[in-house]
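What follows is a structure written as structure tokens; I'll ask about it next.
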Amino acid sequence: MAKRTTVLKVTDLRRAFGPVTIIDKFSLEVRTGEAVALTGRNGAGKSTLLRCLVGADRPDDGTVTVCGNPMSETSPDIRRDVATVIDDLDFFPDLSVVEHLDLLARAHGIEDPDGLVDEVLHEVQLVPQSGQLPGTLSSGQRRRLALATAFVRPRKLLILDEPEQRLDTEGVAWLAERLKSERMKGLAIVFASHEPSLVATVATRTVELGAPRG
Amino acid sequence: MSSPDVTADDFDPAPEGPAQVPASARELKGLIKGWRRGRATKKLSEAFSDAYVALIGVAMIGAMVVNVIVKAQRVVAQCETASCLSARTLLPWAAFAGTVAVALAVSRLFGPVLASAAEGFWLLDAPVSRAKLLGARLWAAVLIALGGGALIGALVSALTGSPATEVAIWAAAGGLSAAAAVAFSATQQGIERHLLTRVATYLFTVVGLAALFAVVGVAAGWLDLGVSADLGVQLGVVVIGFAAAVLVISFVVARLRLRQIRRTRLLSGGALVSGISGAFFALDVGLARDIVVERRALELGHVHPVRGRGLGLSALTWREWQRLRRFPQPLIVLGAATVVPYACDALGLSTVTPVLAALTVFGATIPLLGGLRVLTRTGGLARCLPFTMSQIKLASVAVPAAVVAVWVLATVSAYIGFGDGATRRSYAEAFLVSLASGGAGLLASIRWTQAKGVDFGKPMVSTQAGAFPPGLVFNVFRGFDVCVLVTAPLLLGFSPLWSLALGFIVALLLFNSLDAESLKARQEEQQRLLDRQKADAAAARQRKR
């Protein structure tokens with residue numbers, strides 16, 4: 001069995017908005033081949049925590065390291081290692097679906113990206129939409145495209161915020177199997193979810209945030 | 001397969017009552033007008049008194065425009081040279097064609113007949129004639145075009161020193177033509193065909209550009225059109241007659257076709273207006289442009305995918321090149337911008353040519369920087385790429401910079417000085433001035449493109465006009481400031497090397513602004529890590545004791 005190394009380490013993280021503390025003294029360690037599911041009611045701080053983990057938001061206190069390096073959203077090393085699917089993904093309005101994936105794969109140095117891009121397009125069932133511009137996609141198709149961006153590039157850590165959102169039943173089942181297979185290959189995964197079947201299939205650990213609804 | 005518990009026979013129809021008579025369009029409109037009046041919290045006079053800052057601003061700008069016109073009239077009164085006379089005759093033509101092209105393009109983009117989402121839901125679904133509901137909208141669109149076109153026609157004509165009769169003729173020609181363009185566009189909206197509108201837009205754009213090139217050609221002595229000012233006026237009268245005929249016919253046809261416009265087509269224009277007006281309310285012109293770009297992409301819907309080239313950063317640059325090849329329209333605008341330094345020189349405006357040229361390049365290169373805009377407006381896409389922000393910006397800007405370099409080479413001759421009374425420069429100096437002008441324009445558009453919207457979450461600043469979020473007003477001047485700053489040494493008569501040095505400093509700031517922020521964030525993160533390690537070590541020592 002391969003030795004597990006720490007990919008993500010979060011220590012005493014705190015994030016507050018004015019007088020309201022969303023996350024306090026939150027610590028987490030995720031190693032290769034582990035998948036941590038963040039669960040909890042709406043407003044428990046799952047998305048805020050994930051935004052702090054990917055560097056889109058700055059914590060008030062505490063530290064986040066990825067493969068031993070302090071988290072910095074603009075560091076090329078971090079960007080190379082961490083694939084994220086959170087709600088702030090933007091698209092070029094004049095590039096088609098397949099061109100977005102091709103660009104990402106090439107930017108990450110994948111020499112012959114055609115095979116990989118085709119395979120991922122097939123998986124996310126966007127082959128018929130490959131020539132469409134992002135503005136014409138349905139919300140579910142946009143979600144699939146966002147997920148596809150994480151799979152056409154190298155990655156050591158995958159961070160997803162409610163990846164099941166806007167996916168149909170078949171899509172959630174595919175995602176669960178895909179994430180499980182990624183984890184088995186050694187990828188570290190942190191994801192927030194409200195979908196019990198996804199959590200049950202993928203997660204090796206579950207962390208519940210916030211107080212349960214009283 | 002399990003059968004459902006409910007069957008088709010399982011229903012109990014309600015008894016039909018007496019036939020209902022639907023309200024008329026007039027009644028519905030009157031009802032809404034009554035509600036709106038009832039909910040008004042201010043009289044019109046009170047609203048005007050609250051908007052005194054805006055009114056004073058309009059009055060000041062109006063006074064400045066009148067002052068400029070009076071001065072221009074005095075200068076052009078001594079107009080005797082070929083270049084000046086050609087400009088006087090041909091510039092109103094260019095303005096006329098440009099106005100019509102803009103009227104056609106804008107009306108095709110918005111409708112021109114449109115309805116808000118609320119009107120679509122509450123009114124357009126009512127069993128009343130859609131033509132009666134929308135008639136006022138068509139009138140409004142045509143009248144706005146009439147006023148706008150007349151204003152532009154009169155202004156350009158007055159600025160070229162034309163007498164009052166000529167100004168009136170060009171005002172009528174501009175106004176009626178713009179109104180006819182909108183009415184014609186409405187006829188096409190009625191049958192949901194836009195090919196003719198699009199062709200007409202390109203046609204008038206070409207005519208406008210041809211008129212501009214003719215100004216330069218005559219000034220440089222390449223052309224001798226022999227057009228007298230009288231002929232221009234006579235043609236203006238012909239244009240008035242033709243435009244009036246097109247306006248009347250198109251308006252009648254458009255009015256008849258109003259009832260068959262689909263609701264989605266009306267609402268998409270309304271949604272676009274509300275989105276853009278929201279963006280303008282926050283003085284976020286970049287967001288307004290994003291909405292228009294998104295809308296165009298939505299209309300197109302599908303493209304033939306092209307395989308990328310290169311690896312790493314070069315893949316980004318190649319993609320920019322492929323995007324430009326796919327949508328080369330911005331090149332037409334930049335090509336037309338080549339005329340500006342020549343036209344300024346022809347008009348004897350050599351001193352202000354660099355700043356006017358920079359402003360033109362600023363406006364013309366913004367559409368080329370779509371990639372930079374997407375990569376900098378939110379962090380999402382840039383986070384997927386394994387490069388620093390500086391590298392991403394440089395890769396995105398490489399293709400637009402190459403295009404601007406071509407513009408610089410094409411405009412060197414204008415700075416050598418060929419018009420009557422123009423400033424004469426050596427080839428080397430002309431090249432440096434052209435480089436400074438083009439560079440200033442490009443840097444200004446980069447600043448404009450990567451500008452962040454106003455943060456309404458921050459504390460407001462108290463002003464005479466009420467509470468403003470910080471940076472709201474300065475947002476409007478972004479880009480213009482770079483143009484003025486970089487070209488200021490040229491206006492003051494210093495060496496162009498000063499402008500290039502200033503441009504270099506601005507470029508350093510623009511390409512490294514986000515990285516400076518991230519560097520600071522990284523330092524803070526490392527400091528926090530260090531503090532934690534120290535605290536852990538201190539705690540361990542404490543435990544040992």
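As the structure is a computational prediction, the values presented were derived from the model and not from experiment.
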For A:Q129, is it the side chain, the backbone, both or neither that has a heavy atom under 4.5 Å from a heavy atom of chain B?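 Contact with chain B involves no heavy atom of A:Q129 at all.
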
Which one, B:P386, B:G312, B:G310, B:G380, leads in non-hydrogen pairs under 4.5 Å with chain A?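 Top count of heavy-atom pairs under 4.5 Å with chain A: B:P386.
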
Which atoms of A:I110 approach chain B - backbone, side chain, both or neither, heavy atom under 4.5 Å: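 Interface part for A:I110: backbone (N, CA, C, O).
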
Can you measure from CG (A:L104) to CG (B:L381) and round to the nearest 0.5 angstrom?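 The distance works out to 6.5 Å.
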
Closest approach of B:G301 and A:T136, non-hydrogen atoms and distance?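 What the structure gives for the nearest pair is CA-CG2, 3.4 Å.
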
Identify the two heavy atoms, one from B:P305 and one from A:G131, that lie closest to each other, and give their separation to 0.1 Å.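 That closest heavy-atom pairing would be CG-CA, 3.7 Å.
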
For B:F327, is it the side chain, the backbone, both, or neither that has a heavy atom closer than 4.5 Å to a heavy atom of chain A?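 Looking at B:F327, just its side chain touches chain A.
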
Quick check on the interface: out of B:L298, B:V374, B:L375, B:L316, who has the most heavy-atom pairs with chain A under 4.5 Å?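 Heavy-atom pairs under 4.5 Å are most numerous for B:V374.
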
Give the member of B:A297, B:A315, B:A382, B:G308 that has the highest number of heavy-atom pairs under 4.5 Å with chain A.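 If we count pairs closer than 4.5 Å to chain A, B:G308 comes out on top.
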
Given heavy-atom pairs under 4.5 angstrom as the criterion, report whether the side chain, backbone, both or neither of B:L313 touches chain A.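 Neither; nothing under 4.5 Å.
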
Taking atom CZ as the centre, does B:R325 end up with more than 12 heavy-atom neighbours from other residues, nucleotides or ligands that are less than 6.0 angstrom away?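 No, CZ of B:R325 has 12 or fewer neighbouring heavy atoms, counting only those of other groups under 6.0 Å.
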
Restricting to non-hydrogen atoms, name the atom on B:R377 and the atom on A:F91 that form the minimum distance, rounded to 0.1 Å.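 In this case the closest contact between B:R377 and A:F91 is NH2-O, 3.7 Å.
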
What is the distance from atom CG of A:L133 to atom CZ of B:R296, rounded to the nearest 0.5 Å?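 CZ of B:R296 is found 14.0 Å from CG of A:L133.
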
Ignoring hydrogens, what is the shortest heavy-atom contact between B:E294 and A:P93? Give both atom names and the distance.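 The pair with the smallest heavy-atom distance is OE1-CB, 4.1 Å.
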
Smallest separation among heavy atoms of A:L95 and B:R323, with atom names: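 Smallest interatomic distance, heavy atoms only, reads CD2-CG, 3.5 Å.
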
Inspect the contact between B:R326 and A:D94 and indicate whether a charged nitrogen and a carboxylate oxygen are less than 4.0 angstrom apart.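 B:R326 and A:D94: not salt-bridged.
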
Give the minimum heavy-atom separation between B:C384 and A:L89, together with the two atoms involved.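 It is SG-CD1, 3.9 Å.
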
Side chain / backbone / both / neither for A:V97 at chain B, heavy atoms under 4.5 Å: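 Neither part.
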
What distance do A:R80 atom CZ and B:F387 atom CZ have between them, rounded to the nearest 0.5 Å?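 Going from the CZ atom of A:R80 to the CZ atom of B:F387 covers 11.5 Å.
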
Kindly compute the distance separating OG (A:S96) from NE2 (B:H302), expressed to the nearest 0.5 Å.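 With rounding to 0.5 Å, OG (A:S96) is 8.0 Å from NE2 (B:H302).
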
Can you tell me how far apart CZ (A:R79) and CE (B:M389) are? Round to the nearest 0.5 Å.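 Answer for the CZ-CE pair, A:R79 versus B:M389, is 6.5 Å.
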
Inspect the contact between A:D102 and B:R307 and indicate whether a charged nitrogen and a carboxylate oxygen are less than 4.0 angstrom apart.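 No salt bridge links B:R307 with A:D102.
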
Mind ranking A:D90, A:D114, A:I86, A:D81 by heavy-atom pairs under 4.5 Å with chain B and telling me who comes out on top?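 Counting heavy-atom pairs under 4.5 Å, the top option is A:D90.
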
Select one option (side chain, backbone, both, neither) describing which atoms of A:A107 are under 4.5 Å from chain B's heavy atoms.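 Interface part for A:A107: both.
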
Pick one of side chain, backbone, both or neither for A:D87, based on which atoms fall under 4.5 Å of a heavy atom in chain B.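 No part of it gets close to chain B.
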
Proximity breakdown for B:R383 and chain A, heavy-atom pairs closer than 4.5 Å: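 Looking at B:R383, backbone and side chain both touch chain A.
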
Residue selection (most heavy-atom pairs with chain B, distance under 4.5 Å) from A:H100, A:R153, A:R155: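 Between A:H100, A:R153, A:R155, the count favours A:R153.
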
B:R309 versus chain A, heavy atoms under 4.5 Å apart: side chain, backbone, both or neither?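 B:R309 touches chain A through backbone heavy atoms alone.
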
